[in-house]
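Here is how names work: the chains are called A, B, and so on, in the same order as the sequence lines, proteins then strands, and each is numbered from 1.
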Amino acid sequence: MTPDQLAAAVRGAVLAAIGDGDLALDPSQVPAEVTVERPRNPEHGDYATNVALQLAKPAGSNPRAVAEAVAARLREADGVAKVDIAGPGFLNVTLDAASLGELARTVVTAGEGYGRIDRYAGTRVNVEFISANPTGPLHLGHTRWAAVGDAIARVLEAAGADVAREFYINDRGVQMDKFGMSLEARALGTDVPEGGYQGAYVDELAQQIVAADPGIVGLPADERLVAFREAGYALQLQQQKDTLDGFNTHFDVWYSERTLHSSGAVDRGFEKLREQGHMFEADGAVWLRTTDFDDDKDRVLVKADGELTYFASDTAYYVDKRNRGFDVCIYLLGADHHGYVNRLRAVAACAGDDPDYNIEVLIGQLVKMFKGGEEVRLSKRAGNIITLEDLVEEVGVDAARYSLIRYPADSPLTLDLDLLVQRSNDNPVFYVQYAHARISSVLRNAGDLGIDWRSADFDAALLDHEREAALLGVIGELPRVVGAAAELREPHRVARYLEELATAYHKFYDACRVLPGADAELEPINVARLWLCGAARQTLANGLAMLGVSAPERM
RNA sequence: GCGCCCGUAGCUCAAUGGAUAGAGCAUCUGACUACGGAUCAGAAGGUUAGAGGUUCGAGUCCUCUCGGGCGCGCCA
């Protein structure tokens with residue numbers, strides 16, 4: 001029995017009590033989804049529900065009396081072994097071992113589909129993250145978003161959404177010219193201009209550009225600058241793409257700010273905003289009246305000199321996303337951009353959309369790295385920033401991704417590199433992966449012994465050990481963890497869940513022998529436990545996939 | 001000055017308004033001559049920064065205070 005099935009049974013018991021006149025409620029007052037939780041304390045059974053506490057007030061009764069009425073019916077439900085009333089009115093439910101154990105079959109049968117839900121079926125979501133300038137390597141802040149943004153996308157997909165990962169290329173504006181000038185200066189051996197780009201990577205790019213096109217240095221000055229800028233843009237963008245590829249983060253759309261302008265999207269965006277009546281002219285400039293919607297000041301779209309602002313691109317880009325059919329546009333921004341939240345929400349409202357549904361701006365706090373007790377600030381290649389490659393070089397892709405995803409994005413994060421390379425419990429990615437590898441080993445050994453557990457009779461009722469029940473209970477939580485992680489855009493919940501699952505497996509493994517001993521016959525309990533192992537392995541693998549972290553069979 | 005985020009065990013951090021606030025690390029004590037000891041069992045560690053409030057119930061929601069981070073351009 002799955003938690004959802006139990007929740008439905010609880011709801012049925014409540015409705016039955018109402019039908020019998022034991023609860024003075026209208027059926028419409030019963031929540032569509034009853035909350036069923038796994039109690040922290042195993043003495044409280046397999047599951048607990050607080051319906052009685054919730055319904056006591058509307059029923060004009062006390063929680064324990066409501067609990068009595070519900071418990072009496074719930075005890076009759078299939079698969080329910082015991083129902084106790086505890087504390088202020090919690091119902092503690094214990095399932096039959098057979099009913100709980102059937103979950104192992106459910107999971108193994110569902111395979112990679114286990115944990116996938118349909119909550120967001122039919123919803124098109126655009127997740128935009130990183131969106132760096134193509135003028136340098138990706139830094140540590142980008143890296144956090146690369147991991148978290150991709151994990152959010154994966155979790156939303158698991159929850160049924162149709163998701164596009166999008167990278168907005170800031171390839172328009174003065175920073176591009178500064179980039180070109182910096183490359184040119186390096187190639188010609190002159191000084192990098194004020195505010196230009198520093199770091200060894202600029203030299204490398206300049207050398208590559210000249211090597212690929214030696215004639216570039218002989219071009220007229222204005223053509224030469226453009227040539228360096230464009231060549232550097234292409235190389236740097238490709239480098240970012242390759243880096244992200246290696247980081248297991250793959251974008252569906254690379255959207256250039258230049259094409260936003262050249263395609264007429266800006267004009268279409270302005271048209272939309274004008275229709276909605278929020279544009280106005282003042283002091284020779286064109287404005288968007290974002291103060292209609294909680295922004296603290298109105299924003300300029302077209303400057304008095306006729307130039308478009310960066311904000312103009314933002315508005316057009318949002319409208320363009322919606323025109324491309326996305327229902328929900330999620331933006332992941334660094335903490336230094338939190339001032340943009342209200343104006344972006346105002347953009348959506350100005351476009352006639354619902355800022356509480358169609359747009360969502362998530363703010364991520366900064367990341368610091370420590371090594372040897374000191375903060376790491378410098379990158380060999382990129383000057384005074386730490387790059388994605390620096391982190392991966394230190395700890396590997398799996399540990400880097402996992403460590404960045406494991407914490408809520410809105411809390412500042414300090415990574416201790418000395419711990420991340422350790423293969424200890426303090427480095428949970430190994431703890432989780434180890435559980436997967438360990439199960440894989442057991443299943444391999446079963447195969448070597450000629451045991452075909454999938455074809456053997458599986459008696460779920462044999463899984464009645466305390467730690468078997470505990471493991472089954474955790475396995476059963478995945479779909480609900482996915483639901484919470486997707487709804488809250490918090491993939492760290494999946495990571496925390498996997499750690500709990502790994503712990504439950506290790507405890508089970510410590511107490512319960514899976515394979516027959518040296519001279520022992522294959523018993524039904526061995527088969528049942530192999531099913532349980534198979535279910536645990538599948539659940540770990542599915543969860544790790546949602547984080548973009550590998551599930552190794554050997555370590 | 002205004003706005004956003006944060007404050008939980010010595011450290012790094014969990015906890016969607018639910019039961020005795022949980023893990024890991026660090027400290028101390030233990031466990032296989034059979035399936036991976038990268039594991040498991042146990043001890044110790046807390047006025048959830050502080051003060052009010054909302055309710056059956058608050059680390060969580062509201063108000064204020066203190067402390068820390070960040071942001072407030074016709075820049076991009």
Side-chain angles (χ1 to χ4, degrees), chain A residues 35 37 39-41 44 48-50 53-54 56-57 62-63 86-90 92 133 170 172-176 178 257 282-287 296-297 299-311 313 334-342 363-366 370 403 406-408 410-416 419 422-428 430-431 433-435 437-446 448-449 467 480 483-485 487-488 490 492-493 495-496 499-500 502-503 505-520 526 529-530 533 554-555:
Chain A
T35 306
E37 296 181 320
R40 220 186 335 265
N41 186 342
H44 292 157
T49 176
N50 62 351
L53 294 167
Q54 291 177 322
K57 186 175 253 184
N62 71 69
F90 288 100
N92 292 332
N133 297 334
N170 288 123
R172 191 170 173 279
V174 298
Q175 88 280 358
M176 290 300 291
K178 285 183 178 169
E257 186 183 358
D283 305 327
V286 179
W287 300 67
D296 50 7
K297 62 186 72 169
R299 306 290 170 178
V300 172
L301 293 166
V302 186
K303 293 187 263 184
D305 64 7
E307 286 290 312
L308 294 167
T309 62
Y310 190 81
F311 180 65
S313 298
D336 53 341
H337 287 73
H338 74 242
Y340 293 30
V341 176
N342 279 343
I363 294 299
Q365 297 295 320
L366 305 179
F370 275 74
S403 317
R406 187 171 181 253
Y407 307 96
D410 60 3
S411 65
L413 176 58
T414 302
L415 296 180
D416 186 335
L419 292 175
Q422 278 178 31
R423 316 211 148 184
S424 72
N425 249 358
D426 200 31
N427 194 1
F430 288 115
Y431 182 76
Q433 288 182 317
Y434 177 66
R438 202 180 203 189
I439 302 172
S440 300
S441 171
V442 172
L443 297 179
R444 257 196 320 270
N445 293 344
D448 292 345
L449 292 171
R467 293 192 182 181
R480 301 198 304 174
E487 206 170 279
L488 300 168
E490 290 184 344
H492 77 273
R493 288 168 187 278
R496 300 290 172 159
E499 290 165 30
E500 190 189 342
T503 297
Y505 182 78
H506 288 312
K507 288 185 181 203
F508 152 77
Y509 183 85
D510 188 61
C512 302
R513 172 84 200 180
V514 176
L515 297 174
D519 299 315
N526 302 123
R529 285 176 175 167
L530 281 163
C533 285
R554 289 187 171 87
M555 295 175 68

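The partner of B:rG3 is B:rC70, by the rule that a Watson-Crick or G-U pair needs both atom distances under 3.5 Å. With a cut-off of 3.5 Å on both pairing distances, the Watson-Crick or G-U wobble partner of B:rG24 is B:rC11.
Taking atom C1' in both B:rU20 and B:rG46, one finds a spacing of 13 Å when rounded to whole Å. Separating the C1' atom of B:rU16 from that of B:rG53 is a span of 23 Å, rounded to the nearest Å. Taking atom C1' on both B:rU60 and B:rG17, the two are 7 Å apart, rounded to the nearest angstrom. Here the separation of B:rC6 from B:rC13, taken at their P atoms, is 14 Å to the nearest Å.
Both A:L366 and A:V514 lie near RNA chain B, and the one whose nearest nucleotide falls closer to the 5' end is A:V514.
Residues A:H506 and A:Y509 place their aromatic rings such that the two centres sit no closer than 6.0 Å.
OP1 and OP2 of B:rG36 both lie 4.0 Å or more from every side-chain N or O belonging to A:H506.
For A:D296 and B:rG3, a side-chain-to-base donor-acceptor distance below 3.5 Å is absent, hydrogens and geometry of angles not being considered.
Judged by distance alone, with hydrogens and angles left aside, the side-chain atoms of A:R493 form no donor-acceptor pair with the main-chain N or O of A:A485 at under 3.5 Å.
A salt bridge is defined here as a Lys NZ or Arg NE, NH1 or NH2 lying under 4.0 Å from an Asp or Glu carboxylate O, and A:R513 with A:D510 fails to meet this definition.
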